[in-house]
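Written below as C-alpha cells is the structure these notes are about.
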Amino acid sequence: MNRWGGLVRMAVSVGLIGWFVAGGAAQADPAAYVPADGVESTYFQTGPWAVAEEIGFGCCDSTGAKYDIWYPSDLGATRHPIVVWGDGTDAVPSQYGYLLRHLASWGFVVIATENKQTGSGVDILSSLTYLLDRARDPSSEFFGKLDTAAVGALGHSQGANGVLNAMIKSAGAIETAIPFDLPAQIWCSGTCADTRTLSTGSVFFVNGSSDVFISPSHQLLPWKSSGLQSNRAYYEATSVPKAWGTLNGPNHNDIQGQPDCAQAAFPCTTGVYGFLGYPTAWLLAELTGDTAARSAFVAGTGAFLAPSPHWDNQTSTVH
C-alpha cells in the first residue's frame, strides 16, 4: 500500500479523533471568520476581476490528466502572474474551486492538473510548461498576457509536497510556494519534500490546528522524531525567506470549503475562509511587488504576526 493512499484513510481517523477531542456533535457551530482589519480584510474580499473557469482546458500531463484553469475573463492589457496548483490525494482541482476562483479574481491565472497524485511535482511543473507554451502561441487567448517571470505554486496535502518539489526542480522559475497542510514526512514515500534543499524563492507554510496527525504544528510523533515531522520542523529547515501560521480550528480538508464545509471532503471544521486573505496577500507581495501586502509579513512589525483569534504560531523572516 502506498502511504499516500493510507493518508486518505488516516484523514478519516484524524477527523474522528478530533470529533471526540472537541466533545462530539454537541459542539456549537464555529464562529464566523472575521478577517483582521487592513491587509487580511482587503484580500479576504473577492478581487476586482470577473473570473472565467475552464474544466478540461488543455491536455495532458504525463498520466493523461487534463488541465483546468481559472483566470480573469477580460485579460486586458495587463500581464498576469501565474499560479500552479497541486491537488491533495485523490482530489481534483474543482474541489478547491472557491479558493482558485478567489485567486483569479485578484488577477492571477491559475492552472491545475486533474492528476490525483501530484506529490513528485513533475506534473505540477508540466502544467506550468503547458501554460507558458500558450503564452507564446499567437492563437491562444493567453498570448502576450502572462507575466512568465512571476510564478507561484500552491498545493494541499500531497500537493503541498508537490509544489515544494516542483519549486526545487524548477531552476528558479517558481518564485514562491504556499504548501497548505503539508504532511509530516512519515506519511510520504519517495516524494517527501525536503525544504533544506531550497536555495531560491520563498515559502509561506499554512496548516490547521485540528490537523494534528497529518500536518501537525509541532513534532508529536515520538516514535518517528527524526526528519521533518511538523510544520515547525519544515519552517526551521527552510533557509529562504519564509513565514508560517496555523489557522485555529481548521482540519485537513477545510481548504476544500465552497466556502463552508458542506461540499468538502471529511474532515472539515469551518471551511476555506482563513485560507483566503493572507495567502492572497503573500502571492501579490511576492509576484507583483505589492508593498502593502508585503508589509503584513515583515518580521517584527507585520499585521500577520499580531495576536489573532484565528491564527497561532505566526512567524516570519521577511524584511
- Task: Output yes when a side-chain donor or acceptor of Ser215 lies under 3.5 Å from a complementary backbone atom of Leu182, and no otherwise.
- Result: yes
- Message: Rounded to the nearest 0.5 Å, what separates atom CG in Leu131 from atom CZ in Phe142?
- Response: 6.5 Å
- Locate the shortest heavy-atom distance separating Thr246 from Ser217; write the atom from each residue and the value. OG1-OG, 3.2 Å
- Message: Donor-acceptor check, side chain of Thr270 to backbone of Gly249, threshold 3.5 angstrom: yes or no?
- Response: no
- Query: Between His252 and Ile214, is there a donor-acceptor pair closer than 3.5 Å when you use the side chain of the first and the backbone of the second?
  - Reply: no
- Query: Have Asp61 and Thr113 got a donor and an acceptor in their side chains that come within less than 3.5 Å?
  - Reply: yes
- Item | Nearest non-hydrogen partners of Val206 and Leu247, listed with the distance | CG1-CD1, 4.1 Å
- Does any non-hydrogen side-chain atom of Tyr67 lie less than 4.5 Å from one of Cys59? no
- Item | Beyond-backbone contact of Ser202 with Lys242, side-chain heavy atoms, under 4.5 angstrom | no
- For the residue pair Asp87 and Pro93, establish whether any side-chain heavy-atom pair is separated by less than 4.5 Å. yes
- Step through it carefully: locate the ring centre of Trp311, locate the ring centre of Phe304, and say whether they are under 6.0 Å apart. yes
- Task: Treating Ile, Leu, Val, Met, Phe, Trp and Tyr as nodes and any side-chain heavy-atom pair under 4.5 angstrom as an edge, say whether Leu99 and Leu287 lie in one connected cluster.
- Result: yes
- Mind checking whether Val203 and Val240 have side chains closer than 4.5 Å, heavy atoms only? yes
- May I ask whether Leu125 and Val109 are part of the same hydrophobic cluster, defined by side-chain heavy atoms of I, L, V, M, F, W, Y residues being less than 4.5 angstrom apart, directly or through others? yes
- Under the salt bridge (charged side-chain N to carboxylate O under 4.0 Å, His left out) rule, what pairs show up with a residue in residues 44-53, not counting sequence neighbours? Glu53-Arg101
- Applying salt bridge (Lys or Arg N to Asp or Glu O under 4.0 Å) to Glu236 and not counting sequence neighbours gives Arg232
- Are Arg294 and Val318 side-chain neighbours, meaning at least one heavy-atom pair lies under 4.5 Å? yes
- Kindly work out whether a path of hydrophobic side-chain contacts (I/L/V/M/F/W/Y, heavy atoms less than 4.5 Å apart) joins Leu100 to Val84. no
- Message: Please verify the inter-ring angle class for Phe204 with Phe297; under 30° counts as parallel, over 60° as perpendicular, anything in between as tilted.
- Response: perpendicular
- Query: Between Asn251 and Asn253, is there a donor-acceptor pair closer than 3.5 Å when you use the side chain of the first and the backbone of the second?
  - Reply: no
- Note on the structure: Residue set satisfying side-chain hydrogen bond (donor to acceptor under 3.5 Å, both in side chains) with Tyr234, at least two apart, ordered chain then number -> none
- Taking the side chain as every heavy atom from C-beta outward, state whether Asp260 and Tyr273 have any atom pair closer than 4.5 Å. yes
- Query: Can Glu141 and Arg134 be counted as an ion pair, charged N to O under 4.0 angstrom?
  - Reply: no
- Message: Tell me whether the rings of Phe44 and Tyr33 are parallel (<30°), tilted (30 to 60°) or perpendicular (>60°).
- Response: parallel
- Task: State, to 0.1 Å, how close Ala299 and Ser316 come at their nearest heavy-atom pair, and which atoms those are.
- Result: CB-O, 3.4 Å
- In terms of hydrophobic clusters joined by side-chain contacts under 4.5 Å, are Leu154 and Leu128 together? no
- Query: Does anything in residues 171-183 pair up under salt bridge (charged side-chain N to carboxylate O under 4.0 Å, His left out), and if so which pairs, sequence neighbours excluded?
  - Reply: none
- Message: Before you tell me yes or no, could you show the steps for Asp290 and Thr288 under side-chain hydrogen bond (donor to acceptor under 3.5 Å, both in side chains), namely the whole-Å CA-CA distance, both residues' side-chain angles and the distance that decides it to 0.1 Å?
- Response: CA-CA 6 Å; Asp290 185 324; Thr288 74; 5.0 Å; no
- From the list Thr63, Asp90, Asp123, Thr191, side chain to side chain donor-acceptor pair (under 3.5 Å) with Gln117 holds only for Asp90
- Does Tyr96 have its ring centroid less than 6.0 Å away from the ring centroid of His156? yes
- Say whether, by atom type as modelled, one donor and one acceptor occur between the side chain of Asn165 and the main chain of Gly119 under 3.5 angstrom. yes
- Task: List the atom of Glu114, the atom of Val92, and the distance in Å for their closest heavy-atom pair.
- Result: O-CG1, 4.0 Å
- Message: Whether the side chain of Gln258 engages the backbone of Gln95 through a donor-acceptor N/O pair (distance < 3.5 Å, no angle test) should be reported.
- Response: yes
- Item | Heavy-atom check, side chain of Tyr43 versus side chain of Leu276, under 4.5 Å | no
- Item | Aromatic centroids of Tyr71 and Phe57 separated by under 6.0 Å | no
- Are Leu284 and Ile178 connected, step by step, through hydrophobic side chains (Ile, Leu, Val, Met, Phe, Trp, Tyr) whose heavy atoms are closer than 4.5 Å? yes
- Query: Does NZ belonging to Lys145 count more than 12 external heavy atoms closer than 6.0 Å?
  - Reply: yes
- Where do Ala166 and Gly121 come nearest, in terms of heavy atoms and distance? CB-O, 3.7 Å
- Message: Checking Thr129 now: which residues fulfil side-chain contact (heavy atoms from CB on, under 4.5 Å) with it, not counting sequence neighbours?
- Response: Asp133
- Item | Rounded distance (nearest 0.5 Å) linking atom CG of Leu164 with atom CZ of Phe205 | 6.0 Å
- Item | Heavy-atom side-chain proximity of Ser157 to Pro183 below 4.5 angstrom | yes
- Message: Check the orientation of Phe180 and Trp85. Use parallel for under 30°, tilted for 30 to 60°, and perpendicular for over 60°.
- Response: tilted
- Is Gln219 reaching over with its side chain to a backbone N or O of Gln229, donor-acceptor style, under 3.5 angstrom? yes
- Output every pair passing side-chain hydrogen bond (donor to acceptor under 3.5 Å, both in side chains) with a member in residues 275-284, not counting sequence neighbours, ordered by first then second residue. His102-Thr280, Thr176-Trp282
